Number of protein chains: 2
Amino acid sequence: MGQELPVTSYAVLGLLTFGDELTGYELKQRADRTLRFYWVAPAMSQIYTELARLSDEGLVAPRGEGRRTTYAITDDGRRRLARWLEESPVGFPVLKHPVALRLLIGHLVKPAVTVAMLRSHLRALDEEILALREVRASLEGADAPGQPFRHPSLVADWGLAHFTQERATIEDLIRRLEEE
Amino acid sequence: MGQELPVTSYAVLGLLTFGDELTGYELKQRADRTLRFYWVAPAMSQIYTELARLSDEGLVAPRGEGRRTTYAITDDGRRRLARWLEESPVGFPVLKHPVALRLLIGHLVKPAVTVAMLRSHLRALDEEILALREVRASLEGADAPGQPFRHPSLVADWGLAHFTQERATIEDLIRRLEEE
DNA sequence: TGTAGCATGTAAGCCGTTACATGATTGA
DNA sequence: TCAATCATGTAACGGCTTACATGCTACA
């Protein structure tokens, strides 16, 4: 016990710090709803792998027999997360942006192809913004300083600002490409 | 020949569409300088793996014997890239943002810890902005519509806007956290 | 009664990293 | 002449995905 865990382990563990205990299945849903915006949405099978590992390390405690096992974070888990936050190096964000990648080599295709791609990305962005707004709305009422969803709501606001700005940039790019 | 390649293959291949031919070593440098901002900076060994694969598929042509082999994109490679741009689904960006992830569970540590992390990220951002500005500056003079670095400069501008906006958001977050 | 959602896993395999290994060339 | 940089690979392995497999429960 005690080796360095992959960041995704901490991410999953972090999802259990909001006062409830969840099944693997529910954890996957929470990850899809929130974590996916700034980390990843691990595959179902990956969630179970993480839960097994976290369990082995005593960072979560399974409860319930047979089908439908829920997991709660332990005191050790909470301490371990806090230590991770305090001591481990943070690292710079990694962005894998297929739209930017394709724009880079836009000289290989007709401008209309690039513009169509950007428009399609705009639609995808709108959907993401909508989904994130819903998440943000669901945190309202418990998002003041000191309340349980304070930090999640800060992150959600950040995400919304990010998407909104990207939306504006894409629109600007379309404009510039169409002028040519 | 002709199976779907991983996106990173296309990314590496794309770096060879700017009129020059490079060694694996030089390709790595170019990736570190530019690709890393919106895709990844593949490890040296990965570059060589990609070059072997692209070579097998006839998308790049090696030139030069023994030590120091340069690679140029072939006509097939250019066609393949164009087809990829036109036909394959684009996919939404994936962001792995350790700062956002840690902010999410900020309730586990003293506010000062979170603020310190954000400040440190601010410094990292400044370095990235500086590096990207240099890249952008190096494209000047060939960045007008129709010129070879038109698209790379569009992407660089986008990246700068993105980092600048993130910088402002982080400063705002620090302000909000310090008010408490 | 049957279909969608809940729930839990195993196996194979790809992508990519780190570590290791080797040697030539250039310039202080 | 010695260190930094250029240059090219191989091996082991970790993280994560996709595909496969199984079965219960709620509800229309």
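It should be emphasised that the depicted structure is a prediction, and the values quoted were computed from it without experimental measurement. Letters go in sequence order (proteins before strands), and every chain restarts at 1.
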Base, sugar-phosphate or nothing for A:Ala41? Non-hydrogen atoms, less than 4.0 Å.
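Result for A:Ala41 = sugar-phosphate.
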Taking atom [atom2] of [N] as reference, at what distance in whole Å does atom [atom1] of [X] sit?
| X | N | atom1 | atom2 | answer |
| --- | --- | --- | --- | --- |
| A:Asp32 | C:dG5 | CG | P | 14 Å |
| A:Glu21 | C:dA7 | CD | P | 13 Å |
| A:Glu4 | C:dT18 | CD | P | 15 Å |
| A:Lys28 | C:dG5 | NZ | P | 15 Å |
| B:Ile47 | D:dT10 | CD1 | P | 16 Å |
| B:Arg30 | D:dC6 | CZ | C1' | 17 Å |
| A:Leu27 | C:dA7 | CG | P | 12 Å |
| A:Gln46 | C:dT10 | CD | C1' | 14 Å |

Which residue is it: B:Arg78, B:Arg80, B:Arg79? I am looking for the one with a salt bridge (charged side-chain N to carboxylate O under 4.0 Å, His left out) to B:Asp76.
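Considering B:Arg78, B:Arg80, B:Arg79, a salt bridge (charged side-chain N to carboxylate O under 4.0 Å, His left out) with B:Asp76 is found only for B:Arg79.
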What's the closest nucleotide to the side chain of [X] if the choices are [options]?
| X | options | result |
| --- | --- | --- |
| A:Pro42 | C:dG16, C:dT18, D:dT17 | D:dT17 |
| B:Pro6 | C:dT17, C:dG16, C:dT25 | C:dG16 |
| A:Ser45 | D:dC6, C:dT10, C:dA24 | C:dT10 |

Looking only at side-chain N and O atoms, does [X] come under 4.0 Å of OP1 or OP2 in [N]?
| X | N | answer |
| --- | --- | --- |
| A:Tyr25 | C:dC6 | yes |
| A:Thr23 | C:dC6 | no |
| B:Tyr48 | D:dT8 | yes |
| B:Gln29 | D:dC6 | yes |
| A:Lys96 | C:dG16 | yes |

Could you tell me whether the side chain of A:Thr69 has a donor or acceptor atom within less than 3.5 Å of a complementary atom in the base of C:dT8?
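No, no donor-acceptor pair under 3.5 Å.
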Return the orientation label for the A:Trp158 and B:His121 ring planes: parallel under 30°, perpendicular over 60°, tilted otherwise.
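Aromatic pair A:Trp158/B:His121 classed tilted.
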So that I can tick it off, tell me whether B:Arg33 and B:Glu134 are bridged by a salt bridge, with the cut-off set at under 4.0 angstrom between side-chain N and carboxylate O.
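So B:Glu134 does not pair with B:Arg33 through a salt bridge.
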Interatomic spacing from CG in B:Asp20 to CZ in B:Phe18 - rounded to 0.5 Å:
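Rounded to the nearest 0.5 Å, the CG-CZ separation comes to 9.0 Å.
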If you find the nucleotide of DNA chain C closest to A:Arg68 and the one closest to A:Thr49, which residue's nucleotide is nearer the 5' end?
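Of the two residues, A:Arg68 wins.
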By the side-chain hydrogen bond (donor to acceptor under 3.5 Å, both in side chains) test, which pairs, at least two apart or in different chains, include something from residues 96-112 of chain A?
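Residue pairs passing side-chain hydrogen bond (donor to acceptor under 3.5 Å, both in side chains), neighbours aside: A:His97-A:Glu166, A:Arg102-B:Ser88, A:His107-B:Thr17.
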